[in-house]
Amino acid sequence: GVNLVTLDLSDNNFDSTLDGILHREARLESLKISNAGLHGTIPSYWSYMLPFFETLDLSYNQLHGPIPPFQLGWFETPTSWQYGVAASLD
């Protein structure tokens with residue numbers, strides 16, 4: 001099968017929450033959903049996906065609340081995470 005590792009859904013007008021955007025089993029390395037009309041919080045089930053992201057950009061949306069707790073384990077620290085307007089979580 002084909003493994004999707006990069007997904008860029010930026011500059012859309014979803015007017016939605018992050019629920020249902022990705023399946024719990026997704027193993028992306030790069031996810032960019034900036035300026036996409038998203039609101040709400042990061043769903044708790046994303047804690048299963050967060051360790052796989054090298055790049056995560058959720059900037060320029062109306063997201064609020066904490067990033068769900070997760071364990072990095074043997075994974076390296078993410079290289080580029082953005083959450084909020086221009087905050088970097090490096």
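Computed from a predicted structure; not experimentally measured.
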A.B. asks: If you round to the nearest 0.5 Å, how far is NE2 of H64 from CD1 of I42?
C.D. replies: 10.5 Å

A.B. asks: Which value, rounded to the nearest 0.5 Å, describes the distance between H39 atom NE2 and L18 atom CG?
C.D. replies: 9.5 Å

A.B. asks: Which of these passes side chain to side chain contact (heavy atoms under 4.5 Å, CB included) with L63: I33, T41, T17, L38?
C.D. replies: L38

A.B. asks: Once rounded to the nearest 0.5 Å, what's the spacing between atom CG of D8 and atom OG of S30?
C.D. replies: 7.5 Å

A.B. asks: Nearest 0.5 Å please: distance from the NZ atom of K32 over to the CG atom of L56.
C.D. replies: 11.0 Å

A.B. asks: Taking C-beta and beyond as the side chain, do D19 and Y45 meet within less than 4.5 Å on heavy atoms?
C.D. replies: yes

A.B. asks: Which atom names give the shortest non-hydrogen contact between A36 and N61, and what distance separates them?
C.D. replies: N-OD1, 3.0 Å

A.B. asks: If you measure only the distance, is there a donor-acceptor pair under 3.5 Å linking the side chains of S34 and S10?
C.D. replies: yes

A.B. asks: Flag yes if V5 and M49 sit in one hydrophobic cluster, no otherwise; membership is Ile, Leu, Val, Met, Phe, Trp, Tyr, and two members link when side-chain heavy atoms are under 4.5 Å apart.
C.D. replies: no

A.B. asks: Which heavy-atom pair separates P68 from S47 by the least distance, and what is that distance?
C.D. replies: CB-CB, 4.0 Å

A.B. asks: Should we count OH of Y48 as having more than 12 external heavy atoms under 6.0 Å?
C.D. replies: no

A.B. asks: Hey, could you give me the CG/CZ distance between L28 and F53, rounded to the nearest 0.5 Å?
C.D. replies: 5.5 Å

A.B. asks: Looking at F14 and L9, what are the two nearest heavy atoms and their distance?
C.D. replies: CE1-O, 3.8 Å

A.B. asks: Return the CD to CG distance between E29 and L7, rounded to the nearest 0.5 Å.
C.D. replies: 13.0 Å

